[in-house]
Protein chains: 2
Amino acid sequence: MSNKNRQQALQLVKQLCQQRGLKLTTKRSNILQLMLTEKKGLSTYDIVDSYLAQYHQKISPVSVYRMLGFLIVEKLVHKISSNSQYIVCSHITCSHSHQMPLFLICNNCNQVEEVDAANELPAALEKNIVSTGFQLQNKALELHGICQICKNI
Amino acid sequence: MSNKNRQQALQLVKQLCQQRGLKLTTKRSNILQLMLTEKKGLSTYDIVDSYLAQYHQKISPVSVYRMLGFLIVEKLVHKISSNSQYIVCSHITCSHSHQMPLFLICNNCNQVEEVDAANELPAALEKNIVSTGFQLQNKALELHGICQICKNI
DNA sequence: AATGAAATGTTATAACATTGCATTTTATGC
DNA sequence: GCATAAAATGCAATGTTATAACATTTCATT
């Protein structure tokens, strides 16, 4: 994300936190900014390292977990559970509600692209499982493969 | 799985290993048997504990990882990466090829049901991502929710 | 029996995550 | 302003999942 867009995103998040009566503390904001500069998924410990590099200040993994927790609850960040990484929600700059995000995770370069599932996809899923009586709660699908860039290298 | 079906499954796996020139050692077989008695996903360390309880013999996590690795390569076991657990492939007693298994993982009781995706599902997925140039490699989808049994409790 | 390959054991360590309690910061009422 | 309660953060310990590196055992084949 460009520097300009990052600033814009941060402004929007500030507003949003104010509306919700939440505190976007310096460290939370720093972590969010870090993550906004990356299209790759980052592990908690990646963030610890990156934080030190960027802000010349140590932060403990525990703190990062808590801050990620905060950001996740507020739907500003997603956890990719198949590889224990975290990415900024692609809707952070807009007000879109989430239907069912698809995370396209590149097994080669680790970039994550978030796209929204068209309506027919949840429907097709539902059709596949209706006979089992299973009640789907998935908010997202994690799809692994090779991104366009890596494919063409 | 019933005791009878387990025996049958084991016999089939033995044959299969023979065909492929693989050794189904005692421990590999024991682990497979353990897993056949469970419909729940098991973590590596669950298996370690279970192994001790059933066979009164210690086995190290490292060994379990290796044996799971063997079973996974031979498509007898699946890894559920969203919760780091392992289950026996539901096709172990038949010769079905895998199209795209759907793992229906109960967030309450941890049971895993494996169903095959109808053809339209991969197609719907593909349609959703084709514009991104992303080349899907997923062999399976992990779906979380509440199973029929837990839903009705 | 000697050999080599595969399987398994052992130890250490990396990577990911949570708990519990202490301390600091911040918002709020007096 | 100041006391105080609540929220955020720091810190230490521990738990959980996974792999690496190297040693030993097992077993089929000569």
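Chain letters run A, B, ... following the sequence lines, proteins first, then strands; residues in each count from 1.
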Next on the checklist: Looking at B/Lys151 and A/Gly133, would you say the former's side chain and the latter's main chain have a donor-acceptor pair under 3.5 Å?
Outcome noted: yes
Checklist entry - Is there a residue in residues 13-28 of chain B whose heavy atoms reach under 4.0 Å of DNA chain C, and which residues are they? => result B/Thr25, B/Lys27, B/Arg28
Checklist entry - Who pairs with A/Phe103 by ring-ring contact (aromatic ring centres under 6.0 Å, His included), at least two apart in sequence or on another chain? => result A/His78
Write out a two-atom table: protein N or O, nucleotide N or O from nucleotides 3-5 of chain D, distance below 3.5 Å.
none

Next on the checklist: Output the pairing pattern of DNA chain D as a dot-bracket string, 5' first, Watson-Crick or G-U wobble with both distances under 3.5 Å, | for cross-strand pairs, [ ] for crossing pairs.
Outcome noted: ||||||||||||||||||||||||||||||
Item to check | Span of DNA chain C, from the first to the last nucleotide whose atoms fall under 4.0 Å of chain A heavy atoms | outcome: C/dC16 to C/dG20
Checklist entry - Distance-only, no hydrogens or angles: does the A/Lys39 side chain make a donor-acceptor pair with backbone N or O of A/Val112 under 3.5 Å? => result yes
Sequence neighbours left out, cut at 3.5 Å: what donor-acceptor pairs do the side chains of residues 40-47 of chain A make with other protein atoms?
residue, atom, partner, partner atom, Å
A/Ser43, OG, A/Tyr45, N, 3.4
A/Ser43, OG, A/Asp46, N, 3.0
A/Ser43, OG, A/Asp46, OD1, 3.4
A/Ser43, OG, A/Asp46, OD2, 3.3
A/Asp46, OD2, A/Ser43, N, 2.9

Checklist entry - A/Val73: which other cluster members, linking ILVMFWY side chains closer than 4.5 Å, directly or transitively? => result none
Next on the checklist: Ignoring hydrogens, what is the shortest heavy-atom contact between B/Leu34 and B/Thr37? Give both atom names and the distance.
Outcome noted: O-OG1, 2.6 Å
Checklist entry - Can you check whether A/Pro101's main-chain N or O pairs, donor with acceptor, with A/Lys139's side chain at less than 3.5 Å? => result no
May I have the list of side-chain donor-acceptor pairs in residues 119-132 of chain A shorter than 3.5 Å, sequence neighbours left out?
residue, atom, partner, partner atom, Å
A/Glu120, OE2, B/Lys127, NZ, 3.3
A/Lys127, NZ, B/Glu120, OE2, 3.3
A/Asn128, OD1, B/Ala118, N, 2.7
A/Asn128, ND2, A/Ala124, O, 2.9
A/Thr132, OG1, A/Ile129, O, 2.5
A/Thr132, OG1, A/Phe134, N, 3.1

Checklist entry - Please walk me through it: do B/His144 and A/Asn138 pass side chain to side chain donor-acceptor pair (under 3.5 Å)? => result CA-CA 5 Å; B/His144 286 264; A/Asn138 260 234; 5.5 Å; no
Checklist entry - Does anything in residues 58-71 of chain A reach DNA chain D, meaning a heavy atom under 4.0 Å, and if so which residues? => result A/Val62, A/Ser63, A/Arg66, A/Met67
Item to check | Test item: A/Gln85 side-chain N/O and A/Ile80 main-chain N/O as donor-acceptor pair under 3.5 Å | outcome: no
Checklist entry - So if you build clusters from Ile, Leu, Val, Met, Phe, Trp, Tyr with side-chain heavy-atom gaps below 4.5 Å, do B/Met100 and A/Ile105 land together? => result no
Item to check | Donor-acceptor pair, side chain of B/Arg20 and main chain of B/Glu74, under 3.5 angstrom | outcome: yes
Checklist entry - Who are the ring-ring contact (aromatic ring centres under 6.0 Å, His included) partners of B/Tyr51, not counting sequence neighbours? => result B/Tyr55
Checklist entry - Quick one: does B/Arg28's side chain have a donor or acceptor within less than 3.5 Å of a partner on B/Phe70's backbone? => result no
Checklist entry - Does any N or O in the side chain of B/Glu142 come within less than 3.5 Å of the main-chain N or O of B/Ser81, such that one atom is a donor and the other an acceptor? => result yes
Checklist entry - Considering only heavy atoms, which members of residues 38-54 of chain A lie under 4.0 Å from some atom of DNA chain D? => result none
Checklist entry - Would B/Ser2 and B/Arg6 satisfy side chain to side chain contact (heavy atoms under 4.5 Å, CB included), going step by step from the backbone distance to the final call? => result CA-CA 6 Å; B/Ser2 74; B/Arg6 280 206 303 282; over 6 Å; no
Item to check | side chain to side chain contact (heavy atoms under 4.5 Å, CB included) against B/Val48, all qualifying residues, sequence neighbours excluded | outcome: B/Pro61, B/Val64
